[in-house]
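Notes for the one structure printed next.
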Amino acid sequence: MSGNEAADELYLDAASTEPVSRDVIEAMMPFLTEAYANPLSVHQPGKTAARALSAARASLAADLGARPDDVIFTSGGTESDNLAVKGIAMARMRMLRDRYGESVKPRILISAIEHPAVAQSADWMERWFGVEVVRIPVDEQAHIDMAALERELAQGDMTDIGNGEHETAGQGSGSTLALTNRTLLVSVMLANNEVGTIEPVDEIARITHTHGVPVHVDAVQAAGQIPIRMRDWDVDALSISGHKFGTPKGLGALLLRGRTPVEPVLSGGGQERGLRSGTQNVAGAVALAIALHESNERMAGRYRALAESRDRLMDAVLRVEPRAQVTGDPKRRLPGHASFVFPGLSGEALLVDLDARGIACSSGSACALGRHEAPATLLAMGFTAPVAKSALRMTFRTPLTPEQVNRVAAAIEESCHSLTHAHPSAPAGAR
Ligand code: PLP
């Protein structure tokens, strides 16, 4: 039995969440039982906890190509994205207005396929502060339109009337970014949750920095699945979420370079450089460090096998169901991520039918029975709403065996067949 299979159930929804490994639970235990002290306490037990927290910070940073001081522990991907988008936007908006006055219309650039944690944080800035939110389009494989990004950044350029004390834009590693653009922030994802496409965030950072604008990367789906080198890529802020790579839910981090201005979203005791108040979760920090390290090591050993089994799965599905189409980039995508549309069918009905056949997968979007919304990513990629609603996502961390691939393909063939006969008049046509 592989890591995807418990009894007869085949779990192909790893992008939603993953189980916690025994190693991670064991690594957490001492910090829940004996070494439970508050890491800010001055007594010896407090110091023990503080040492563990700082070791976890160093390990997490090393595994993400960052520095220990960059790490801000949070309660997960949603909080990290909120802190990055709202916090950086608010801090830079104040700097911009101090320099240029109230008449400047600040903007935030995000891609059209961002997770709601980013997209709705940007919308919140619009609602409360009148910030203009610009969504950069993507192509039919969900690649961000780099020309559009450049165009929008150029539109935000302003003549600097400041005193020239700030750093020159584009030099990357200095203490701050230039205030020569009314764009507060660019926020893009490293890998898309719905279709798995990987974005060139290093190139995006390069282009964005030439306009003096900081870049936040939502790496929630990518962490533990592909290598991440935050500082080599010259990214300013990066979000991760532990439960996508094997910690308990409700744990994450925002990696944020010291040069990036940010306003805390939570007020309180000033933990985590004053940017994320609240008593630190030492056991949680240890879990993040151990789980990411294990996940990276596992991935290094199985990356090719995982990607090959994904390709076999995609081929098998296309073979048994000629209406199916792969969504996202067929190659430059997460190794354990296969996604499709089945024009003419309902993704929700397909999910339910496959579940009854022991295969747990997802549509890749918010989905509750009777309220199946078209996945936003697919709409942005140019699919019509009915086709977007036929989406199916299968995600796994362990390579699928040939038997598992055959089992999934056979189940999809049967499901598609039975659903077609249940709804013979459903419309076809992919886009
Ligand atoms: N960003 C992306 C791309 C995600 O896929 C998710 C969760 O699925 C999140 C953010 C939110 O993370 P969390 O569940 O830790 O709040």
Side-chain angles (χ1 to χ4, degrees), residues 11-20 24 60 64 71-87 110-124 135 138 142 144 185-199 201 204 215-226 228 235 237-255 265-266 276 278 281 284-285 287-288 291-292 295 327-328 333-334 336-337 339 360-368 373 375-378 380-381 391 393-397:
Y11 182 73
L12 299 180
D13 200 13
S16 286
T17 200
E18 279 218 69
V20 183
V24 170
L60 197 70
L64 295 167
V71 177
I72 300 165
F73 289 112
T74 68
S75 67
T78 298
E79 186 190 332
S80 301
D81 285 344
N82 272 258
L83 175 56
V85 175
K86 296 176 181 172
I110 63 173
S111 85
I113 56 169
E114 292 308 307
H115 188 273
V118 164
Q120 291 185 24
S121 291
D123 291 343
W124 187 88
R135 286 173 163 75
V138 296
I144 292 170
L185 172 78
V186 169
S187 182
V188 293
M189 48 186 21
L190 176 50
N192 182 262
N193 45 317
E194 290 168 32
V195 299
T197 298
I198 297 172
E199 305 294 346
V201 297
I204 290 171
V215 178
H216 165 246
V217 168
D218 178 340
V220 166
Q221 286 294 335
Q225 316 310 316
I226 57 173
I228 294 181
V235 160
L238 184 134
S239 301
I240 61 165
S241 170
H243 73 103
K244 309 291 185 183
F245 53 80
T247 76
K249 293 157 189 57
L251 294 171
L254 176 67
L255 286 92
V265 172
L266 297 183
R276 203 289 183 171
N281 180 348
L288 276 173
L292 183 65
S295 197
T327 54
R333 67 188 296 136
L334 291 172
H337 190 300
S339 57
C361 49
S362 144
S363 69
S365 79
C367 175
E373 291 155 14
T377 296
L378 295 185
M381 290 161 69
R393 175 185 80 177
M394 299 182 166
T395 48
F396 37 95
R397 307 296 193 226

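Note that ligands are numbered from 1 as they come in the structure, with each ligand's atoms numbered from 1 the same way. Only this structure's heavy atoms are used, side chains among them; waters, hydrogens and symmetry mates stay out.
- Among all protein heavy atoms, the one lying closest to atom 1 (N) of ligand 1 is D218 OD2, 2.7 Å.
- Residue contacts with ligand 1, taken as heavy atom pairs separated by less than 4.0 Å, do not involve K249 at all.
- Using a non-hydrogen distance threshold of 4.0 Å, H243 registers as a contact of ligand 1.
- The two atoms that bring V265 and G87 nearest to each other are CG2-N, 4.3 Å, heavy atoms only.
- Ranked by closest heavy atom to atom 15 (O) of ligand 1, the top entry among S241, G242, G250, G76 is S241.
- Residue-ligand proximity: K244 is placed with a non-hydrogen atom under 4.0 Å from ligand 1.
- Neither the backbone nor the side chain of N192 comes within contact range of ligand 1; no heavy atom lies under 4.0 Å.
- Residues T17 and K244 are not in side-chain contact: their nearest non-hydrogen atoms beyond the backbone lie 4.5 Å or more apart.
- By the side chain to side chain contact (heavy atoms under 4.5 Å, CB included) test, A287 pairs with V24, M28, T247, P248, L251, sequence neighbours left out.
- E18 contributes no side-chain N or O that, together with a main-chain N or O of A14, makes up a donor-acceptor pair within less than 3.5 Å.
- Of all protein heavy atoms, the one lying nearest to atom 13 (P) of ligand 1 is G77 N, 3.6 Å.
- Listed for the Q221 side chain is a donor-acceptor partner under 3.5 Å among the backbone atoms of A15.
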